[in-house]
Amino acid sequence: MVESQANSNTMRSNVDGYGFERGEDFDYKTYEEFMAKYISILARRASKWEVLVQNKTSIVKSRKVKRFCRKGIPNGHRAMVWMCVSGADEKMKRNPDTYKKLLLSQKDQSLMDTIDLDLHRTFPENIYFSTSDGLRKPLRNVLGAVAHKNHDQGYCQGLNFIVGLLLLLIKDEEKVFWLMDTLINDLLPDYYHPDMKAVKADQELLGEIIRWKDPEVYAHIEKHSVSWCLIGIKWFICLFADVLPVETVYRIWDCLFYEGAKILYRVSAMLVIQNRDKLLACKSFTEITDVFKEIVNNPTIVDCHTFLQKCFNELGSFPIARLKKIQEECRERP
């Protein structure tokens, strides 16, 4: 069965399948053209996943599962697959009472006050977050639990959007909590530390990847003194939530929970390189930064399937040994 992610029968509804209100400038034509093609892809992938999963409650990482994740996980299987391939499921089983205890424990009021400030800023255009009786309470619960368990990191703006999108899909606070704990401790260690040193270093890593994959674009951006941190910090902090279309974000996360940060580099590099002509035509710092503000709104990104295929097929290999070497060099920079 093809689910809400393929909700092509919305009859031009002003609310999408995830509860996001569509503005007056929403491009129905591009979306409908995409869905006309994507619905058959979703049906084909769903049938393949049904054979792979076969009513199992867990799944083991393998080359086949990795390939399937890159091609997209049906919504009905995403929670289970993300939990298993990321290691979050094993953590939850080893610590069955942790989330409940964190909810009942005494809270750092200043920390909760900071979180509370962001609750109403989290997807106000979504019907499930626009009122206090929707997902705001689960959002507050998960953010508070994550911040108190990882007190050395606390709370970082951007986490609210990640948790928000997880709750829209999974609707299970405890699973979302463990996915977040796995993200910030295992998949993206030190990204959300107060000094943000790791995520800033990965912006420099993005620059080095562009130098490697498209030296002409790299040289042009460097010539105009545009900082890589200025370009991609929001992309990395919120893992493209509140930046790219929701289904595109979920497709990226299908890879993220299996492969870790490498998919962030691929997606970011593709966003830059597929706009190389616009960037090379820029004659100033301001023009370049204006292009970067617009590239995330490119209609081609709505076609999440084609976009992810391009990320893997057009950028070539990303050897982990080379990435780690460059990453270490970036982290040693002052």
Legend entry - Distance-only side-chain donor-acceptor flag, Trp82 / Asp254, under 3.5 Å: yes

Legend entry - Pairs involving residues 97-115, ordered by first then second residue, that meet side-chain hydrogen bond (donor to acceptor under 3.5 Å, both in side chains) (sequence neighbours left out): Tyr99-Glu173, Asp108-Ser110, Gln109-Asp113

Legend entry - Any residue meeting side chain to side chain donor-acceptor pair (under 3.5 Å) with Arg70, in chain and number order, not counting sequence neighbours: Glu259

Legend entry - By side chain to side chain contact (heavy atoms under 4.5 Å, CB included) - contacts of Phe285 (at least two apart): Val226, Leu230, Thr289

Inset, instruction - For Ser62, enumerate each residue passing the side chain to side chain contact (heavy atoms under 4.5 Å, CB included) test, keeping only those at least two apart in sequence or located in another chain. - result: Lys64, Val65

Inset, instruction - Evaluate the ring planes of Trp253 and Tyr250, with Trp represented by its six-membered ring, and classify them as parallel (under 30°), tilted (30 to 60°) or perpendicular (over 60°). - result: perpendicular

Inset, instruction - With sequence neighbours left out, write down each residue that passes ring-ring contact (aromatic ring centres under 6.0 Å, His included) with His220, or none if nothing qualifies. - result: His224

Inset, instruction - With sequence neighbours excluded, tell me which residues meet side chain to side chain contact (heavy atoms under 4.5 Å, CB included) with Ser317. - result: Pro319

Inset, instruction - Among residues two or more places apart or on two chains, list those pairs meeting salt bridge (Lys or Arg N to Asp or Glu O under 4.0 Å) that have a residue in residues 228-246. - result: Lys234-Asp242

Inset, instruction - Would you confirm whether Tyr192, through its side chain, and Gly154, through its main-chain N or O, come within 3.5 Å as a donor-acceptor pair? - result: no

Legend entry - Residue pair Tyr265 / Gln327, side-chain donor-acceptor N/O under 3.5 Å: yes

Legend entry - Listed once per pair and sorted, the salt bridge (Lys or Arg N to Asp or Glu O under 4.0 Å) pairs that draw on residues 265-277, sequence neighbours left out: Asp214-Arg276, Glu216-Arg276

Inset, instruction - Sorted by first residue and then second, give each salt bridge (Lys or Arg N to Asp or Glu O under 4.0 Å) pair with at least one member in residues 194-206; sequence neighbours left out. - result: Glu204-Arg333

Inset, instruction - Please list all pairs passing the ring-ring contact (aromatic ring centres under 6.0 Å, His included) test where one or both residues lie in residues 133-156, with sequence neighbours left out. - result: none

Inset, instruction - Taking side chain to side chain contact (heavy atoms under 4.5 Å, CB included) as the test, write out the residues that go with Lys56, two or more places apart. - result: Val53

Inset, instruction - Sequence neighbours left out, what pairs pass ring-ring contact (aromatic ring centres under 6.0 Å, His included) with at least one residue falling in residues 294-329? - result: Trp212-Phe318

Legend entry - Lys/Arg-Asp/Glu bridge criterion (N-O < 4.0 Å) met for Lys325, Glu329: yes

Legend entry - Whether over 12 other heavy atoms sit under 6.0 Å from Tyr128 OH: no

